[in-house]
Every structure is written in structure tokens, then in C-alpha cells.
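Residue numbers start from 1 in every chain, and the chains themselves are labelled A, B, ... in the order their sequence lines are given, proteins ahead of strands. Side chains are part of it too, since the values below use all heavy atoms of this structure and drop only hydrogens, waters and symmetry mates.
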Amino acid sequence: MNRATLTFALLLLLALPLSLLAGRVWIDPASTPNAALILSELRLPRAVLALVVGGGLGAAGAAMQGYLRNPLADPGLFGIAPGAALGAVVALWFGYAASAWLLPLFALVGAGGAMALLAAIAGRTGGIALFTLAGLMVASLAGALTALAISMAPNAFAMSEIVLWLNGALTDRSWREVWLAAPLVALGVAMLWRTGRSLDALTLGEPVARSLGIDTSRLLWLLILGIGLTVGASVAVAGIIGFVGLIVPHLVRPLTDRRPSQLIVPSALAGALLVLVADSLVRVLPLVTELRLGIALSLLGAPFFLWLLIRMRSGLA
Amino acid sequence: MTLAAKNVSLGERLRDISCALRPGEITTICGPNGAGKSSLLQALASLLPLDGGEVTLDGEALAGHAQRAKRIGYLPQAPEIAWDVTVRSLVELGRIPHRDVARGPVEAAIAALDLTAFEQRRAQTLSGGEQARVLLARVLAGEPEWILADEPLAALDLSHQHALIGHLRASAGEGRGVLVVFHDLAMARNHADRVLVLNQGRLVADAVPSEALSVERIREVWGVETQWLGEEGKRALASV
């Protein structure tokens with residue numbers, strides 16, 4: 001266990017109980033009426049879902065940056081998140097929002113479709129450039145279809161549902177979403193963790209990695225499946241939550257020796273922490289309606305990204 | 001112990017090439033730009049899919065050879081270090097085929113290239129010459145029987161070139177087979193045991209340096225009139 005894993009695990013242990021108590025109403029377990037019920041049926045599933053979603057996005061970001069050897073890569077680039085979002089939007093378009101299972105199911109089908117398309121285009125050759133381009137193409141196609149669905153929404157209600165949903169949130173989620181997403185994300189993180197050695201070898205470029213015995217097409221499949229499961233499941237239960245996969249590896253990297261394999265587990269922990277803290281903050285903020293988590297993270301993430309670019313430009317990163 | 005190419009073909013790049021490397025020797029590949037030097041080296045490292053022929057290690061086909069990564073170390077032409085890892089971590093990457101980070105070979109490689117004082121330095125703070133040493137140490141840490149290096153001298157100044165050749169010679173002295181691509185014909189003439197000359201994808205010479213790089217051959221392959229100066233082992237090439 002490296003220093004980063006330990007640091008973020010400890011921070012999570014501190015943050016979790018605080019986040020359970022925090023909200024529009026602060027809970028005092030001794031005096032708040034129905035405290036046990038609120039905690040077990042509202043706050044705890046929401047917190048666990050934040051951990052699951054954040055963990056998946058953090059690990060996916062670390063693996064993605066390692067694979068593309070680019071600190072500016074984000075799992076959204078692969079087109080899997082936009083694919084999942086398109087699936088969910090289709091469900092909303094047909095008015096399936098009321099059904100608890102159909103929306104996440106459609107989102108998972110969308111993520112699966114994006115994965116299949118990626119694999120069909122880039123899977124056989126295993127080249128990084130082709131893969132990136134294929135990902136961008138899938139992302140823009142899914143984005144265009146989503147925009148089409150919004151512009152042709154059957155009624156104003158469906159349209160506002162779609163737009164609201166696209167700005168991800170963890171509001172009113174229950175254990176049902178946790179049980180849906182947690183196994184998929186866990187399986188995905190395990191797959192990404194298994195890519196560690198190959199990602200380390202890629203530090204020296206693709207030909208050297210192959211000379212070290214790395215099977216680059218197996219690596220690509222593990223990544224597509226790992227990112228598909230983590231990101232697809234996250235989008236299915238929480239909508240689009242951007243920037244976590246981009247920011248988190250940067251927070252973790254200085255605490256490690258910078259080898260990609262050392263980043264995946266601590267990035268999962270740091271992603272969980274970031275989403276948990278951000279979701280607690282949006283609950284506490286004294287606004288008329290709760291700020292959407294996706295918007296809050298983008299408000300945090302975009303300036304961070306700019307700061308990163310400026311730092312890289314001045315050669316300090 | 002041999003690493004050999006048998007009738008290897010790859011489009012226009014390699015045409016029906018057969019050659020065998022011997023352990024304990026430095027073999028160099030020379031030829032004009034586009035002659036197929038890097039392609040032959042990568043084919044011997046089993047990094048290129050071939051159109052025809054095969055590469056064998058001790059008589060066994062190399063494609064799908066489980067031991068390949070442990071036995072052949074490859075040093076690419078344009079070095080790439082994507083992340084700012086420490087020198088130690090970088091050298092440890094050489095152990096990936098063995099699935100361990102055995103201290104012995106890693107420390108031996110670091111010591112062999114005089115990198116002990118650098119162990120905790122970050123890769124991006126190294127100069128070109130230091131980087132070249134670290135990347136060779138990465139190859140040595142894998143304890144390969146064969147070292148295949150693609151123009152390892154390209155980015156180095158004269159003193160670092162000589163130092164690196166010294167390290168390659170030491171590796172050959174320990175019984176490894178070393179194959180390097182050299183652009184500098186004088187380097188090849190002075191430091192190689194054997195020279196393979198390629199021209200337009202064909203192997204036109206496979207001999208000791210004085211024979212493979214005769215002025216007649218240089219005229220025929222490179223189209224330049226030259227003359228060798230100096231005594232054997234310290235030759236310089238002058239154009240006439």
C-alpha cells in the first residue's frame with residue numbers, strides 16, 4: 001500500500017461520517033426525530049453511491065491518462081459516458097423516467113453500444129491513435145444524437161427532465177441504485193487495476209511495451225471493459241459527472257512515484273472522496289433548489305483545468 | 001545460442017533477408033536512409049508482423065515465444081519517457097517480463113552505468129546523455145541475452161557516444177549478443193565485430209567491418225567517394 005492510498009483512505013474515513021450528518025438539516029443522532037431512518041434510507045445510500053460513482057470515475061481517469069500517456073485525458077474522451085448519457089436520454093424521451101430500472105438499463109445499453117463501436121473500430125489493431133480518434137468520433141456522434149433528442153423532445157416536461165438529468169446528481173437516490181452500480185463499478189475497477197503493469201510499460205512507448213512482453217490488444221480490451229463498466233454504471237445512476245476523472249489523478253500523482261500502476265487504487269479512493277465531499281457541499285449550500293452535483297463539479301473542475309494548462313505551459317507540471 | 005532471420009520479407013522495406021547474430025559480439029546494421037535498418041532490428045525483436053520468412057531464437061520461431069521478452073532487450077531510436085518517474089523506477093521497468101523487481105539485477109544495472117548517485121532523480125531532470133544511460137540500464141536490468149539498440153548514439157555528444165559504446169562492449173564481453181544500428185560508418189568500422197549493410201531492403205554485405213565497409217561498397221551503396229584514414233581501430237572516413 002503506497003502513501004497515496006493510505007492518505008486518501010484515512011481522509012475518506014474522516015469524511016464519511018461528516019457527510020452523513022451534513023445536509024440542509026444537520027442531523028444530531030441523539031435529538032433529530034427519525035434520525036436512524038433518515039440515515040439508513042436517505043443519507044447512507046446517497047453517500048455510498050457517491051463513493052461508488054467517484055471511485056469508478058477516479059480509477060477510470062487514472063487508467064485513461066496512463067494509457068494515453070497524457071495528463072489531460074479524461075474518460076469522457078472515450079465516448080462511453082456520452083454513449084451512456086444517450087441511452088438514458090432515450091429512456092427519458094420515451095417517458096420511462098418513472099420506471100426505476102429502465103433508465104439505468106438504457107444507459108448501460110448506451111455505454112455497451114459505445115464500447116462495442118470502439119472495439120469494432122480500434123479493437124483489432126490495438127493502436128492508441130486510432131483508439132483516441134474512434135473514441136472522439138463515438139463521443140461526438142452520441143453528443144449529436146443527444147442534442148437531436150433534446151431538440152425533438154415530445155413535450156416540455158421531457159425536455160426539462162433530459163436537460164436536468166444530463167447535469168448529474170445524486171439527489172433522491174436509494175439503495176436500489178447502489179446495488180445496481182456497485183458490482184459493475186467494482187468489477188470495472190478490478191479490471192483497470194489489472195492493467196497497471198502494462199500501463200507502466202507504456203511509459204516507455206508502445207514498441208518498448210511490446211518488447212517487454214505486453215499484449216497491447218489484451219490491454220485495450222481490459223481498458224474498454226474497465227472504463228465501460230465504471231463510467232457506464234456511474235452515468236447510469238448519477239448522470240454526467242464531469243472532471244472527476246480528469247482532476248483526481250493530478251491530486252494523487254504528487255503523492256506517488258508517478259508510475260501509472262501506483263495511481264489506480266488511490267485515484268479510486270480520491271475520486272470517492274471528491275464526489276462525497278462535493279455532494280455534501282451541494283446539500284449544505286443555502287440555495288433555493290439544490291445545486292446539481294454535475295454543475296458543481298464542473299464549476300470546480302474548469303478553473304482547475306485552466307490552472308493545470310497554465311502550469312504546464314510554464315513547464316512546472 | 002543464436003538469434004536469426006530466415007528469408008525475412010516485409011513489403012519494400014525488407015526483401016528476403018537471412019542473417020544470424022552471435023553472442024559475445026557487437027553486430028551493427030549500416031545503410032543509407034530508408035534502407036530498412038530499423039525494420040530489420042524491429043523484425044529481429046519480433047515487433048513487426050512479417051510478410052514472409054521467420055525470426056528464430058535457438059532454432060525456435062520467435063512469434064509467440066513465451067521467453068522472448070525475457071531474452072531480448074530492445075532500445076528504441078526515439079526514447080520516450082511519458083511520466084516523470086525516478087531513475088530507479090525507470091530501471092525497474094526492465095523487470096516487467098520477469099514479473100518481479102529483483103534488487104540484484106536492478107542495482108547491478110544501475111551500478112554498471114554509474115547511476116547510483118542518480119537513483120532518486122526524476123527522469124525529466126536528466127540530460128540527454130544521462131537519459132541514454134538510464135534507458136540502457138533499463139534494458140540491462142531485464143538481464144536479456146540479446147540487446148537490440150536502434151541508433152542509440154543519435155542524440156549523444158562524442159564523449160557520451162564513447163561511453164555508451166563502452167557499455168555495449170562490456171555487455172558483449174559478458175556473453176550477450178549486441179545488435180546496433182549506426183549511422184556513423186567510422187563508429188561501425190572501429191567498434192563492431194561484424195557489419196550488416198542494407199540497401200533498399202536488401203542485405204548486401206554481412207562481414208567483418210573492413211570488408212563490409214570497403215570504399216568500393218560505400219561508393220556502391222551510399223554513392224559517395226571516400227577514403228579511410230588512420231590505423232585500424234581508430235579509422236576516420238574522409239570524402240574524396
Should we say atom CZ of B:R169 is surrounded by more than 12 heavy atoms from elsewhere, each under 6.0 Å from it?
yes
Take B:I96 and A:R197, measure what side chain to side chain contact (heavy atoms under 4.5 Å, CB included) needs, and give me the verdict at the end.
CA-CA 7 Å; B:I96 284 177; A:R197 187 198 307 274; 3.9 Å; yes
Within the 4.5 Å heavy-atom criterion, are B:E80 and A:L204 side-chain neighbours or not?
no
What option among B:G142, B:P144, B:P97, B:G94 has the most heavy-atom pairs under 4.5 Å with chain A?
B:P97
A:R194, CZ: over 12 other non-hydrogen atoms inside 6.0 angstrom:
no
Please set out all donor-acceptor pairs under 3.5 angstrom arising from side-chain atoms of residues 298-308 of chain A, sequence neighbours excluded.
residue	atom	partner	partner atom	Å
A:S298	OG	A:G294	O	3.0

Pair count under 4.5 Å, heavy atoms only, with chain A: among B:H98, B:E92, B:Q42, B:R122, highest is B:R122
Quick one: CZ on B:R95 to CG on A:D200, what's the gap to the nearest 0.5 Å?
15.0 Å
In Å and rounded to the nearest 0.5 Å, what is the CZ to OG distance from A:R210 to B:S46?
9.0 Å
Value for CZ (A:R259) from CG (B:L90), rounded to nearest 0.5 Å, stands at 10.0 Å
Measure A:T256 against the heavy atoms of chain B and call it side chain, backbone, both or neither at under 4.5 Å.
backbone
Carefully, step by step, assess A:V208 and B:L135 under the rule side chain to side chain contact (heavy atoms under 4.5 Å, CB included).
CA-CA 11 Å; A:V208 173; B:L135 291 169; over 6 Å; no
Heavy-atom pairs under 4.5 Å with chain B - which of A:I214, A:L202, A:D257, A:T203 has more of them than the others?
A:T203
For B:I72, which atoms come within 4.5 Å of any heavy atom of chain A: side chain, backbone, both, or neither?
backbone
With a sphere of 6.0 Å drawn around CD of B:E119, does it hold more than 12 non-hydrogen atoms of other residues, nucleotides or ligands?
yes
For B:W83, is there any backbone N or O sitting under 3.5 Å from a side-chain donor or acceptor partner on A:R258?
no
If I measure from the heavy atoms of chain A, does B:R88 come under 4.5 Å with its side chain, its backbone, both, or neither?
neither
Can you measure from CZ (B:R68) to OG (A:S211) and round to the nearest 0.5 angstrom?
7.0 Å
